[in-house]
Every structure is written in C-alpha cells, then in structure tokens.
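Naming: A, B, ... by sequence-line order, numbering from 1 per chain. Quick note: numbers below take in every heavy atom, side chains included, and nothing from hydrogens, waters or symmetry partners.
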2 protein chains.
Amino acid sequence: MPIAVAIVEDDPRIRESLTVLLRGVDGFRCVGSHASAEEALRAIPAEKPDVVLMDINLPHMSGIDCVAQLKAKLPAIQVLMLTVYDDSDMIFRALTEGASGYIIKRTAPDKLLEAIREAHTGGSPMSPHIARKVVQYFHQRGPARHETESLTDREREVLEQLAKGYLYKEIADALGIGVETVRRHLSNIYGKLHVHTRTEAVLKHLQDHPAAR
Amino acid sequence: MPIAVAIVEDDPRIRESLTVLLRGVDGFRCVGSHASAEEALRAIPAEKPDVVLMDINLPHMSGIDCVAQLKAKLPAIQVLMLTVYDDSDMIFRALTEGASGYIIKRTAPDKLLEAIREAHTGGSPMSPHIARKVVQYFHQRGPARHETESLTDREREVLEQLAKGYLYKEIADALGIGVETVRRHLSNIYGKLHVHTRTEAVLKHLQDHPAAR
DNA sequence: TTTTCAATCCCACAAATGTGGGAGAGGTTG
DNA sequence: CAACCTCTCCCACATTTGTGGGATTGAAAA
C-alpha cells in the first residue's frame, strides 16, 4: 500500500519536480498538488493523503496557517514543512501548529523520500540543522535545577495545581483537603524553594518540568 | 582529518562493537572507550574527542549527569546520547543538560556513522521516534493563541516583568513608573486576557511566547 | 476641533496570598 | 519507646493583589 502524498507549493517548477519524483518511485502515490493554501484546504480533505508536503512561503495564506487549519479538519494527517528558511520563530510556530517534521528544500531526493516514510510511520524527520535549532531551545532554557527534589510527594501535587493557576480554594477541592492545609503546604514549599511568591514558585516548577505545560 | 570519537558505555559487548565499527571506517578515529561516567570524566579531557557517544544507563553516575559535567568542562564537545529508552523525561533532561543529539541503540551502523558526522558539523541528529517526542512537546503546549495581541506595547512590557515573578513595586522600579500605574495596567491586561489572577496571566504569556525565558 | 485612546497617578475596599504560632494523627526509623 | 517526619487543620496578622471609582496629560484619529 503506497503512501498517499499531497503537495502544497507555489513554485511550479518545484511542484512539478516533486510530483515527478513521487510518481517515479515505488511505494509513493501523489494524490494532489496545489499552488496555494486556499486551494489545498479545499481539495485535500477529498484527496485523503497520508502525508502533506507543505511549503512555508505561500502567496496569501502562509503555510503555517494552512497547517493549523488542516490539522483542525484532519487531525490524523502528517504534515512535513518544506522550506528554505531555518528561522527559529518559523520552526517553533510550525511545530506548535501541528507540523510533524521540518525539512529544508535542498535535501537530496532519497532523503526526502525517507523523510516521508518516517513521517508516515509516526516519526518526526527534521533536517539536522533544523533539529539543532530545536535542541538549542532546550539548551537555552538551561539545565533543570532539580530544586523541587526536596519536596514531598504531596507538596509536589500542590505545586502542580498551583502552576495551573488555581486558587487555594480550587486546589483544596481538587486534592480533597482544606484550604488551610494548602496554605501550610505552600508555606513549606516556599521555604524549600527559597521563594516568597506564588509566581516564583511556579517558574521554578516549570524550569524543573519542561514537559509540564 | 578524521572525527575523533570517545565512547561511554558499560556493556562490554556494545562498547567493543562500537570501537570496532569506528576503527574500521575511514573518517573516524576512536580515541577512547570507557565503562563508567567517572572514568569518562577523568579521561576524556585528555583524549579531546570531537564527539562523545554516551549511554544513558550507566552504573553509578547516570549518562545525563555525565553530560552535564562534561559540557561544563568542555563546552565545545558534542555529545550524542545513545540509548534504548525513549522516555520523554530522559530526552528532555539530556537535551537541557547539553546533549546535541539522541539516537536509539538499534540504529543501523551506517545511520550511526552519519549521525556522528552530522553532530560534528553542527547538526543535531535524532532518531525519528525521538524527534517525534520532542515535536509532541511543542504540539502539547498547543498553538499560540495570540491573545496577547490586543495588548498595547506598554502592557506587554508590564506582563513580561510580571512573568518574571517580580512584585508590583519591582516592576514599577524597572519601568520607571509608579506602583499605581502598574496596577492599572495589570487591571486592563486582565480584562483583555479574561483572567483574574496573576498566575493565569503569566501562563497565557508563556503560551504566546514559547521561547521566552 | 472634538473625540478617542494610551499612559500616568490617587484613593478605597475586598479578596487572595504570605508568614508565624500551635496541635493532633499516623508512619518510619533509630 | 522516643524522635522524627508528613499530612492535616485552626488562628491571627501583615502584605500583596484584584477591582472599582475617579483624574490629568499628550498624542493620534475622526
């Protein structure tokens, strides 16, 4: 069963060469190619591709906005961003909007085909240079200080609720305890973390738990 | 000029097979292989490898702590985590501690060599499955809502300070205005963001500015 | 010009938060 | 057993934060 691929790319030459590439290789099927985000949004739901190759720089609506709308309609679809830009902001925006991978355009054909295969099997292919930008995001936020290590399990639960923005009353209800107890826990937590305000405690929590929200 | 590689891996068989692989291929040079993090920390500064292959699951000190100490001593070194685990927490901790890439162990030899090359040339090779975990981190935090768009420039400045955990007094000093003005701004900001507490506002800010902080 | 709006500040009141004290129940460890 | 820790709750007080009502200035828009 070949992988159904749709292309969204405004440059006719690139669009053509991608189509030809996909037609000429076993295991792939090109089910559509579109010159604009608007056209893609109209046609793709009917084409039911497994993977979409999406240029970022499209005439009216950007590829990023197109991903957002496409994923809203078809959550299961895998979108690979295909671009010449390696701007960090673009990368993060595309990823948060639901893109599965991010490939730079001058990637060799065999690598591109491999990327499509990987995206289809649940992977997230990224050009090494792009991946580095993503990794730098984690480097930049600095190592976890593990300051929340000294907290007890219960205290960690309280802190987690606190980091969601709940009031003491709401935390108490969520954990099935009294507000006074929440206040007591927080007091102890603040002491251990060497902070004096709610926001500081939340920031320390977020630093120690990158994945949490 | 071959790429100098050091290995940190406690399983003697895997360590040996990696060493043999690197010795047998042009363009690579194995400058050291170590069975423990402690041994690696002692020896690697003298071996001056370009790239370190680091197992995560080491006997005493974990590979993650080893990366942290290694990067502290030799900031320019590139560390590739090599592991069987694809636990999200492990991945994020390794990356924040300074690892450049993250490869699962059952990767084919030619892919592994390519990963080492990529790491050496400034890329960040990640197994597709690992990359997907990283991408999911961005998906999970959801698309930026752009709710802070309606804020004025000044209000955005205030919110940014707020998100650092400062007291109103400190924000006022930082911006050279009165506390009353800060309170007024915050009041307006809360109205626009439809929140009623400091923490909720900070969370919205962080959602709109992933890279911030 | 009139109107609108952002930014600045003041006041007052209510609500939420931070900090100190104490205390009892249950569990673990030496 | 005694010492210690965790979790639970109560009280009191100070501080910080949230909300409403004003008011002035200056710049930009109608």
Side-chain angles (χ1 to χ4, degrees), chain A residues 144-209 212-213, chain B residues 60 89 142 144-210 212-213:
Chain A
R145 305 260 177 293
H146 308 122
E147 288 180 283
T148 58
E149 254 176 11
S150 61
L151 301 183
T152 68
D153 291 346
R154 197 52 160 172
E155 285 166 351
R156 246 185 292 275
E157 286 184 77
V158 174
L159 181 53
E160 206 161 308
Q161 299 293 316
L162 193 80
K164 289 180 183 169
Y166 295 158
L167 299 178
Y168 289 2
K169 170 97 184 64
E170 295 172 323
I171 298 175
D173 289 350
L175 299 182
I177 56 181
V179 175
E180 281 307 320
T181 309
V182 174
R183 284 150 59 73
R184 169 57 60 190
H185 280 309
L186 264 301
S187 186
N188 292 332
I189 291 169
Y190 291 172
K192 289 182 182 177
L193 299 186
H194 309 107
V195 301
H196 302 278
T197 69
R198 185 189 168 118
T199 308
E200 287 178 306
V202 171
L203 290 177
K204 292 230 171 190
H205 173 75
L206 293 179
Q207 194 162 43
D208 269 20
H209 301 277
R213 172 99 297 271
Chain B
H60 308 96
D89 224 51
R145 305 252 181 298
H146 309 123
E147 286 181 285
T148 57
E149 254 176 12
S150 60
L151 301 184
T152 67
D153 290 347
R154 197 53 158 172
E155 285 166 352
R156 247 184 292 274
E157 286 183 78
V158 173
L159 181 53
E160 206 162 309
Q161 299 293 316
L162 194 80
K164 290 180 182 168
Y166 295 156
L167 299 177
Y168 289 2
K169 170 94 184 66
E170 296 172 321
I171 297 175
D173 289 351
L175 299 182
I177 57 181
V179 176
E180 283 305 323
T181 309
V182 174
R183 284 150 58 72
R184 168 57 59 191
H185 280 310
L186 264 304
S187 186
N188 293 333
I189 292 170
Y190 291 173
K192 290 182 182 177
L193 299 185
H194 309 107
V195 300
H196 302 278
T197 68
R198 184 190 167 115
T199 308
E200 286 178 307
V202 171
L203 290 178
K204 293 232 171 189
H205 173 76
L206 294 179
Q207 194 163 42
D208 268 19
H209 301 278
R213 224 239 72 240

Inset, instruction - Quick one: pull up CD1 in B:I171 and CG in B:L186 and give me the separation to the nearest 0.5 Å. - result: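 Going from CD1 on B:I171 over to CG on B:L186, the span is 6.0 Å.
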Legend entry - Interatomic spacing from CG in A:L151 to CG in A:N188 - rounded to 0.5 Å: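 Taking CG in A:L151 and CG in A:N188, the distance rounds to 9.5 Å.
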Could you tell me which non-hydrogen atom of [X] sits nearest to which non-hydrogen atom of [Y], and how far apart they are?
X: B:L175; Y: B:E157; answer: CD2-OE1, 4.0 Å
X: B:L159; Y: B:A201; answer: CD1-O, 3.9 Å
X: B:R198; Y: B:L167; answer: NH1-CA, 4.5 Å
X: A:H185; Y: A:R154; answer: NE2-CG, 3.7 Å

Within this structure, what is the [atom1]-to-[atom2] distance between [X] and [N], rounded to whole angstrom?
X: A:L167; N: D:dT17; atom1: CG; atom2: P; value: 15 Å
X: B:E200; N: D:dT17; atom1: CD; atom2: P; value: 15 Å
X: A:R198; N: C:dG18; atom1: CZ; atom2: P; value: 7 Å
X: A:E170; N: C:dT17; atom1: CD; atom2: C1'; value: 14 Å
X: A:I177; N: D:dT6; atom1: CD1; atom2: C1'; value: 12 Å
X: B:E157; N: C:dA6; atom1: CD; atom2: P; value: 15 Å
X: B:D153; N: C:dC5; atom1: CG; atom2: P; value: 17 Å
X: A:E180; N: C:dG22; atom1: CD; atom2: C1'; value: 12 Å

Inset, instruction - Ignoring backbone atoms, establish whether B:T181 has a side-chain N or O less than 4.0 Å from OP1 or OP2 of C:dC9. - result: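 For C:dC9, OP1 or OP2 has a side-chain N or O of B:T181 closer than 4.0 Å.
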Legend entry - Short side-chain N/O contact to D:dT6 OP1/OP2 from A:R154, under 4.0 Å: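 No.
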Inset, instruction - Using a 4.0 Å heavy-atom cut-off across all strands, classify B:T152 as base, sugar-phosphate, or nothing. - result: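 The residue B:T152 makes sugar-phosphate contact but no base contact.
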Legend entry - Interface residues of residues 184-196 of chain B with DNA chain D (non-hydrogen, below 4.0 angstrom):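 Within residues 184-196 of chain B, the residues near DNA chain D are B:R184, B:Y190, B:H196.
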Legend entry - Contact nearer the 5' end of DNA chain C, comparing B:G178 with A:Y166: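 Mapping each residue to its closest nucleotide by heavy atoms, the 5'-most match is B:G178.
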Legend entry - Along DNA chain C (nearest heavy atom to each residue), the more 5'-positioned of B:V179 and B:R183: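 Whichever sits nearer the 5' end wins; that is B:V179.
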Legend entry - Helical bend (five base pairs per end, nearest 10°) for the helix from C:dT1-D:dA30 to C:dG30-D:dC1: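 End-to-end axis angle: 40°.
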Is the shortest heavy-atom distance from the side chain of [X] to the side chain of [Y] under 4.5 Å?
X: A:L162; Y: A:Y168; value: yes
X: A:I189; Y: A:V158; value: yes
X: A:R183; Y: A:V179; value: yes

Legend entry - Residues A:E155, A:K192: salt bridge by 4.0 Å N-O rule: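 Salt bridge between A:E155 and A:K192, a charged N being under 4.0 Å from a carboxylate O: yes.
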Legend entry - B:D173 and B:K169 ion-paired at < 4.0 Å: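 Here B:D173 pairs with B:K169 in a salt bridge, since their nearest N and O are under 4.0 Å apart.
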Could you pull out the protein-nucleic contacts involving nucleotides 28-30 of chain D (nitrogen or oxygen on both sides, under 3.5 Å)?
none

Inset, instruction - Show your working on side chain to side chain contact (heavy atoms under 4.5 Å, CB included) between B:Y190 and B:H196 and close with a plain yes or no. - result: CA-CA 6 Å; B:Y190 291 173; B:H196 302 278; 6.0 Å; no
